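Here the structure comes first, spelled out in structure tokens, and everything after it is commentary.
Source: prediction; values computed, not measured. In listed order, ligands and their atoms are each counted from 1.
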Amino acid sequence: MTLTQAQIDTFREVGFLNVGRVYSDDEADALRDRLMTVIAGTSRGKAEAVRNIAGEELEADRDVVIQVVNTWQADDGFRAHLYQPEICRMACELIGTDVLRVWHDQIQYKPPRRGGATDWHQDHPYWPIIQPADLVSAWVALDDATIENGCMRMVPRSHHWGPHKGGTIGTNEDGFTPDPDLSLIPDDEEVEIVPCEVKKGECMFHHCLTWHGSPPNPSDNGRPAIAVHYMPGWTRYEPSRSHIMERRVDVEPGELLTGHYFPTVWDHGPVEPPEHWSARAPTDGRNPATG
Ligand SMILES: O=C(O)CCC(=O)C(=O)O
């Protein structure tokens, strides 16, 4: 699947784009089943984190958003997903790069009836160890994400408005609308909220400065999805505050962010996933991300 110039132009103007189906229903179901083993702690490997970012415990009866960071370290199916050639090709086209690496992946699973909200935010300010801010995220629904079960909401054109208050936009008490610092918004712009339903197996991209969030899930259906945050080959390690992935960085400040935990998934064409991956990096000096 190659994007049209009109799709690329829309993404660059608006800051998000649903590109349609990238997985069959069966493929999406298989990933959803794998996700449940990662959350249950029964997968082959270990993710970087599995935690409730909206409240206290994973088992709480409300405000549960189960965040998994680097699902791919826990499960080979999600590792293969990083390299899905259609998704990688489109990410390259949207960024305008020939080399693509994975910054990290992320799941925010909202369980039925007790799924909590993800407050309005921008991604890049939450990633204070990488520059510049031109990553894109590929968010793939593993079951229908609907208005009822807390699909993401986006604010068109907001990625052109710069970093906002450290990335946190704020949420009004009236429910789930953004509460931004209006002085940071250009005079001729307005904050418009677009609910983005994404069907099972479809992929929606968003820019790392686009304002987005998602309300609670009071419905009877869970909302499983996987986001992979893709960076172009020129992204550098430039630390200013800490981040969970920093312990996996083995380059010096100012250098390109490459390495065992930041795999190259496109290099002027599709890259085959290595057959095996182990949490321990090889010690022969070879950079396993680039072969
Ligand atoms: O899944 C969601 O509702 C939020 C995900 C998100 O913030 C992201 O992928 O950047």
- [ ] Evaluate the ring planes of H206 and H212, with Trp represented by its six-membered ring, and classify them as parallel (under 30°), tilted (30 to 60°) or perpendicular (over 60°).
- [x] tilted

TODO: Indicate yes or no: does an N/O atom of W139 lie under 3.5 Å from an N/O atom of ligand 1?
DONE: yes

Task: Contact partition for R223 relative to ligand 1, non-hydrogen atoms under 4.0 Å - done: side chain

Open item on the list: Please verify the inter-ring angle class for W103 with H243; under 30° counts as parallel, over 60° as perpendicular, anything in between as tilted.
Closed with: tilted

Open item on the list: Between ligand 1 and K110, is the shortest N or O to N or O distance under 3.5 Å?
Closed with: no

Open item on the list: Over 60° means perpendicular and under 30° means parallel, so tell me whether H159 and F11 are parallel, tilted or perpendicular.
Closed with: tilted

TODO: State the atoms of ligand 1, each with its element, that fall below the 4.0 Å cut-off from a heavy-atom position in D123.
DONE: 10 (O)

- [ ] Ignoring hydrogens and angles, state whether a donor on the side chain of Q5 or Q7 is under 3.5 Å from an acceptor on the partner side chain.
- [x] no

- [ ] Any atoms of ligand 1 less than 4.0 Å from a non-hydrogen atom of A227? List them with their elements.
- [x] 9 (O)

Task: Contacting atoms of ligand 1, where contact means under 4.0 angstrom from a heavy atom of M152 - done: 2 (C), 3 (O), 4 (C), 5 (C)

Open item on the list: Could you tell me if S219 and N221 have a donor-acceptor pair between their side chains, going purely by distance under 3.5 Å?
Closed with: no

Task: Atoms of ligand 1 close to H206 [distance to a heavy atom under 4.0 angstrom, numbered from 1] - done: 8 (C), 9 (O), 10 (O)

- [ ] Establish, from distance only, whether the side-chain atoms of S214 and T118 form a donor-acceptor pair under 3.5 Å.
- [x] yes

TODO: Show which atoms of ligand 1 fall inside a sub-4.0 Å distance from at least one heavy-atom site of H121.
DONE: 7 (O)

Open item on the list: List ligand 1 atoms under 4.0 Å from S214, heavy atoms only on the residue side.
Closed with: 2 (C), 3 (O)

TODO: Describe, in one word, how the ring planes of H104 and H229 are oriented to each other, choosing from parallel (under 30°), tilted (30 to 60°) and perpendicular (over 60°).
DONE: perpendicular

Task: Closest candidate by heavy atom, reference atom 6 (C) of ligand 1, pool Q106, R153, H212 - done: H212

